[in-house]
Amino acid sequence: MSFTQLDALTAHLNELDAQGLRRFRHGVESVCQPHLLVDGQPLLAFNSNDYLGLAAHPLVVEALREGASLYGAGSGASHLISGHSQAHARLEELLADMLSPFLPSVRALYFSTGYMANLGVLTALADTAKGDITFFSDALNHASLIDGIRLTREPCQVYRHADTADLPQRLSTCQSGTKVVVTDGVFSMDGDIAPLQALLALCEQHGVWLLVDDAHGFGVLGDGGAGVLQHFNLRSEQLIYIGTLGKAAGVSGAFIAAHEHVIEWMVQRSRPYIYSTASVPALAHALLTSMRIIRGEEGRRRRAHLHTLIQQLSTAPVQAAWQRMASTTAIQPLVIGSNAQVLKASADLKAQGIWISAIRAPTVPVNTARLRITLSASHTTQDVDCLVQALAGGGLS
Ligand SMILES: *Cc1c(COP(=O)(O)O)cnc(C)c1O
């Protein structure tokens with residue numbers, strides 16, 4: 001007799017195939033950089049979030065090695081037991097210092113991933129409000145923000161993407177004692193930057209929190225790489241900032257930066273923080289080196305080079321049927337349309353040695369399946385030339 005519940009699950013997998021929604025993983029055989037060996041095939045990759053090329057930076061790799069010899073392979077416990085190392089503590093101090101021009105009385109809290117950081121901060125905020133809280137979430141926010149809000153089991157209003165005209169009415173009519181506007185800093189699948197000046201003005205006018213997830217801005221935006229707050233030169237104690245450290249910072253992890261009382265409350269109450277083993281201290285040790293590079297002259301050089309590449313790509317022609325998005329960041333998506341079309345485009349590029357991932361629903365809205373092209377400071381202008389030629393249609397149908 002067959003187990004019908006397993007049969008039902010198998011039918012769901014077949015359904016994914018039928019809709020062009022099955023996702024596959026590919027075994028990368030080399031260090032994270034543009035020229036990769038993937039399942040035995042050499043590819044020029046435009047799909048990592050290693051925007052500054054620090055994942056393979058010799059000094060960062062060496063610091064990771066040094067961290068392992070200083071602190072061992074694991075942390076042994078959660079942060080509140082015995083897992084909080086000197087490396088974690090020093091990293092938090094450095095991150096707080098970096099964000100201090102933008103966040104008064106700032107403190108930073110390191111998390112093992114950005115996904116966890118978002119669950120951690122949203123649930124901790126809800127925990128202060130005793131059921132009297134509403135979240136206001138941009139329609140294109142990252143899944144980890146959506147899931148963090150869901151985990152609170154509190155009400156959420158989804159406002160139109162980047163639409164600051166849609167929010168005032170919602171904020172004035174909502175009766176909750178605590179309100180939190182939640183947004184990506186740079187939208188992960190579109191590459192546009194949130195209208196943070198207008199959003200912060202609104203939040204200040206209404207006396208509510210503004211929570212910004214800057215996974216794709218930290219390290220890349222702003223003169224010193226401090227991210228989207230530096231880009232707009234914002235400063236407010238109503239801001240709660242999340243930066244991730246596995247993208248431009250090239251390693252792993254994330255942090256919340258906010259007023260010290262917000263952070264202390266999280267240390268006391270944030271369950272995703274408290275009930276999870278602290279990340280490997282060597283990662284924090286490596287991140288200290290990564291932060292020094294980001295803040296220093298080399299970081300500035302890498303950001304300038306990345307900017308040159310963005311200009312090069314964003315002014316090049318692409319096939320008429322493909323729609324470019326209004327992005328000035330390292331995320332330069334091309335909307336292709338249906339799942340079948342995007343899979344074909346991605347496969348055609350791969351046959352020419354170029355690796356760009358096909359992004360489909362539910363990551364992006366149905367029928368806006370896209371090639372999510374990302375640039376890195378470790379690309380050369382010649383690499384981008386290759387990409388531009390392929391996108392112009394040579395050999396593609
Ligand atoms: C990648 C990403 C995250 C998750 O960060 P991880 O460290 O990869 O878990 C959160 N928010 C946004 C907007 C992201 O793009």
Side-chain angles (χ1 to χ4, degrees), residues 23 25 28 32 47-52 54-55 88 91-92 95 108-123 125 135 137-151 158 161-162 180-196 199 210-221 227-229 231 239-258 270 272-273 276-280 283-284 286-287 290-291 294 325 327 329-333 357 359 362-365 370 372-376:
R23 299 169 186 223
R25 299 171 303 167
V28 175
C32 177
N47 54 3
S48 97
N49 302 312
D50 179 26
Y51 299 119
L52 296 180
L54 296 186
H88 292 121
L91 177 63
E92 289 179 345
L95 291 166
L109 189 67
Y110 177 69
F111 269 80
S112 46
T113 72
Y115 193 103
M116 282 258 286
N118 283 338
L119 301 190
V121 67
L122 290 159
T123 52
L125 282 174
F135 294 96
S137 177
D138 186 287
L140 295 187
N141 275 346
H142 189 261
S144 56
L145 292 172
I146 297 169
D147 293 355
I149 293 170
R150 285 181 181 159
L151 188 57
V158 177
H161 173 55
V180 190
V181 174
V182 179
T183 184
D184 280 19
V186 174
F187 287 87
S188 53
M189 296 300 139
D190 291 48
D192 57 329
I193 303 176
L196 285 187
L199 285 174
L210 177 57
L211 186 149
V212 180
D213 173 353
D214 201 24
H216 302 277
F218 181 72
V220 185
L221 294 180
V228 75
L229 302 183
H231 175 79
L239 283 163
I240 297 174
Y241 181 83
I242 296 108
T244 67
L245 300 168
K247 290 170 181 164
V251 186
S252 177
F255 66 97
I256 318 281
S270 177
Y273 185 74
S276 185
T277 300
S279 71
V280 178
L283 296 174
L287 280 163
S290 173
M291 286 308 121
I294 284 178
M325 308 206 77
S327 163
T329 67
I331 303 167
Q332 292 284 323
S357 302
I359 308 289
T363 310
V364 294
R370 65 199 66 180
R372 179 177 180 269
I373 301 170
T374 49
L375 294 170
S376 163

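Whatever order the structure lists them in is the order used to number ligands and atoms, beginning at 1.
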Close aromatic pair by centroid cut-off 6.0 Å: F187 and H216
no
Heavy-atom pair with the smallest gap, counting every atom of G219 and L52:
O-CD1, 3.3 Å
With sequence neighbours left out, the residues meeting salt bridge (Lys or Arg N to Asp or Glu O under 4.0 Å) with D192 are none
Among V220, L287, L54, whose side-chain contact (heavy atoms from CB on, under 4.5 Å) with I294 holds?
L54
Pairs under 3.5 Å, nitrogen or oxygen of ligand 1 with protein nitrogen or oxygen:
from, atom 1, to, atom 2, distance (Å)
ligand 1, 7 (O), G114, N, 2.7
ligand 1, 9 (O), G114, N, 3.1
ligand 1, 9 (O), Y115, N, 3.0
ligand 1, 11 (N), H142, ND1, 3.4
ligand 1, 11 (N), D213, OD1, 3.4
ligand 1, 11 (N), D213, OD2, 2.5
ligand 1, 15 (O), H216, NE2, 2.5
ligand 1, 15 (O), K247, NZ, 2.6

Should L210 and T183 count as side-chain neighbours, where that means a heavy-atom distance under 4.5 Å?
yes
Over 60° means perpendicular and under 30° means parallel, so tell me whether F255 and F218 are parallel, tilted or perpendicular.
perpendicular
